[in-house]
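Only one structure is covered here, and it is reproduced in the block below.
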Amino acid sequence: MDPSSAPKVNIVIPNWNGMRFLPSCLNSIERQTYSSVEITIVDNGSNDGSQGYLRKKYPQVRLITLPENLGFSSAVNAGITSCDAPYVFLLNNDTELSKNCLHQLLTAADELPEYDFFSPKILSFHNRTIIDGAGDTYLRGGGGYRLGAMEEDCAVYNRPGPVFGACAGAGLYRRILFDRIGFFDEDFFAYLEDVDLNLRINRFGSRGYYVPAARVYHIGSATSGSKINPFTVRLTARNSLFLLLKNYPVSLFIRFLPQIFIYQFFWFLFALKKQQALAYSRGIWQGLKAWKPMRKKYHGQLACQKVISMEKFAARLRDAEISTITSLMHRRQAAGKKNGMLQLYRTLFCR
């Protein structure tokens, strides 16, 4: 193939029994004003006819089939490594793109070479004035957060600028980034795998940028069903510990111990309220059992990569948490709720 005609963007879409979502997603890609793309769908052993449907209705799509459901991480890794395009756009199947979404993201990427990933504004599919995520941040107790989640879209979220992380359900990455920091961790299977990637991105000194003019509309929890069920709670609880074990040195464990305790305590209370205490407990137990291989991965990351200083990394984590708390307070205030506990937390732990 003539290099000048090779696709500039590899759009990687993981799919598991999501045939009903594919037309809206793929048709929105076909309507893009930016056309130098290749679409790669990685099917995780679907049994709903997805593979036959794609071969018949969308023969231009490159289809990679896995023998069974190996999880989100394995699927996107297969898609990322299947193409040499300089950019990878990861996209959930239950999404729809605004017409100029890719154009806006690629324009930002061309104009801002110092940034390695680009996050669009993600809005609710069914109520397109409600934000699903305006870039990702982090809670030092072991959790990710999507800025603006469940808030009315407003001027606050129309400002482009640096962002801690991107949601892997809709994010543009320079392909070379994965060569530097590694791919998605397949031990996570699903949930928080993009938070782990965001932590590694920041640990290695890379940066991302939020592009609000690029819009994605997202249904949410389309594959797993309800956001709160034993499967999601168990994996989220387990993977929360994976995040800490994989990415924190002992010194940060000690420094962030109050934040870790507070986060995990309220996470447990939430699971208890939703009658998911058993699933939460199983997840924590599975996370603790994996502490040795996770710590081995931590040391492996440090051995093979040049990372920023621990103080700079800790400062990035603090700033991410401040962004999270600010967003949470904004959402609660708009709902007429008080922010006393969040204000106290910010005063005590975010100075």
Side-chain angles (χ1 to χ4, degrees), residues 16-17 69-73 92 94 132-133 136-146 149-150 167-169 184-196 198-199 219-248 252-295 297 317 320-321 324-325 327-329 331-332 335 337-346 348-349:
W16 182 63
N17 291 335
N69 186 6
L70 301 179
F72 178 90
S73 299
N92 278 3
D94 60 334
D132 188 75
D136 278 21
T137 55
Y138 181 68
L139 286 158
R140 289 173 290 178
Y145 184 76
R146 293 199 300 273
M150 295 185 284
C167 171
F184 286 86
D185 189 332
E186 297 182 6
D187 284 338
F188 279 64
F189 188 83
Y191 304 109
L192 304 186
E193 67 290 307
D194 50 357
V195 181
D196 171 63
N198 291 336
L199 285 170
I219 294 175
S221 300
T223 296
S224 61
S226 169
K227 293 182 180 181
I228 307 301
N229 58 57
F231 177 78
T232 60
V233 170
R234 177 178 61 83
L235 286 189
T236 303
R238 184 198 68 178
N239 292 351
S240 176
L241 291 191
F242 282 4
L243 291 176
L244 304 177
L245 292 168
K246 264 196 71 178
N247 295 287
Y248 283 12
L252 282 193
F253 270 117
I254 296 172
R255 186 191 303 190
F256 296 157
L257 194 60
Q259 292 93 325
I260 293 170
F261 175 80
I262 291 170
Y263 176 81
Q264 295 297 336
F265 175 71
F266 280 98
W267 185 192
F268 170 74
L269 290 182
F270 176 80
L272 192 64
K273 179 181 178 181
K274 298 295 182 178
Q275 300 181 330
Q276 298 294 338
L278 181 59
Y280 171 86
S281 301
R282 286 174 173 169
I284 293 296
W285 175 241
Q286 290 173 357
L288 291 172
K289 287 197 300 182
W291 76 270
K292 282 187 177 180
M294 288 297 142
R295 291 308 288 171
K297 289 184 180 185
L317 298 183
E321 186 161 87
T324 301
I325 292 173
S327 180
L328 280 168
M329 291 175 67
R331 186 178 88 191
R332 289 177 60 83
K337 298 180 179 179
K338 296 181 179 180
N339 283 312
M341 292 185 66
L342 287 171
Q343 289 173 338
L344 178 63
Y345 181 94
R346 186 170 61 178
L348 293 175
F349 299 115

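Nothing fancy with the numbering, it's 1 onward along the sequence. Model, not experiment: these values are computed from the prediction. For the numbers below, each heavy atom of this structure counts, side chains included, while hydrogens, waters and symmetry mates do not.
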Backbone N/O of [Y] and side chain of [X]: donor-acceptor pair under 3.5 Å:
| X | Y | value |
| --- | --- | --- |
| Arg238 | Phe188 | yes |
| Asp194 | Cys167 | no |
| Asn229 | Thr232 | yes |
| Ser73 | Asp185 | yes |

Applying salt bridge (charged side-chain N to carboxylate O under 4.0 Å, His left out), can you list everything that pairs with [X], at least two apart in sequence or on another chain?
| X | answer |
| --- | --- |
| Arg255 | Glu311 |
| Asp187 | Lys297 |
| Asp132 | Arg146 |
| Glu321 | Arg140 |

So, using ring-ring contact (aromatic ring centres under 6.0 Å, His included) as the criterion, who are the partners of Tyr345 when residues are at least two apart? Phe349
Which residues pass the ring-ring contact (aromatic ring centres under 6.0 Å, His included) test with Phe253, sequence neighbours left out? Tyr248
Would you say that [X] contacts [Y] through its side chain, given a criterion of any heavy-atom pair below 4.5 Å between the two side chains?
| X | Y | result |
| --- | --- | --- |
| Thr324 | Tyr138 | no |
| Gln276 | Ile228 | yes |
| Glu193 | Asp196 | no |
| Glu186 | Leu70 | no |

Pairwise distance [atom1]([X]) to [atom2]([Y]) - rounded to 0.5 angstrom:
| X | Y | atom1 | atom2 | value |
| --- | --- | --- | --- | --- |
| Thr137 | Tyr145 | OG1 | OH | 7.5 Å |
| Phe266 | Leu139 | CZ | CG | 12.5 Å |
| Met294 | Phe242 | CE | CZ | 4.0 Å |
| Met150 | Arg332 | CE | CZ | 11.0 Å |
| Leu244 | Leu199 | CG | CG | 9.0 Å |
| Leu278 | Leu272 | CG | CG | 11.5 Å |

List for me each residue that meets side-chain hydrogen bond (donor to acceptor under 3.5 Å, both in side chains) alongside Thr236, sequence neighbours excluded, and say none if there are none. none
Residues that Arg295 engages under side-chain hydrogen bond (donor to acceptor under 3.5 Å, both in side chains), provided they are two or more places apart: none
Identify the two heavy atoms, one from [X] and one from [Y], that lie closest to each other, and give their separation to 0.1 Å.
| X | Y | result |
| --- | --- | --- |
| Gly142 | Ser240 | O-OG, 2.7 Å |
| Tyr263 | Gly143 | OH-CA, 3.4 Å |
| Pro258 | Ile254 | CD-O, 4.3 Å |

Non-neighbouring partners of [X] that pass side chain to side chain contact (heavy atoms under 4.5 Å, CB included), sequence neighbours left out:
| X | value |
| --- | --- |
| Asn198 | Asp136, Phe164, Ile201 |
| Leu288 | Leu241, Ile284 |
| Gln275 | none |

Below 30° counts as parallel, above 60° as perpendicular, anything between as tilted: where do the rings of Phe270 and Trp267 land? tilted
With side-chain hydrogen bond (donor to acceptor under 3.5 Å, both in side chains) as the rule and sequence neighbours excluded, what pairs involving residues 277-289 come up? Arg234-Gln286, Gln264-Tyr280
One pair to check against side-chain contact (heavy atoms from CB on, under 4.5 Å): Leu235 and Leu192. What are the steps and the verdict? CA-CA 9 Å; Leu235 286 189; Leu192 304 186; over 6 Å; no
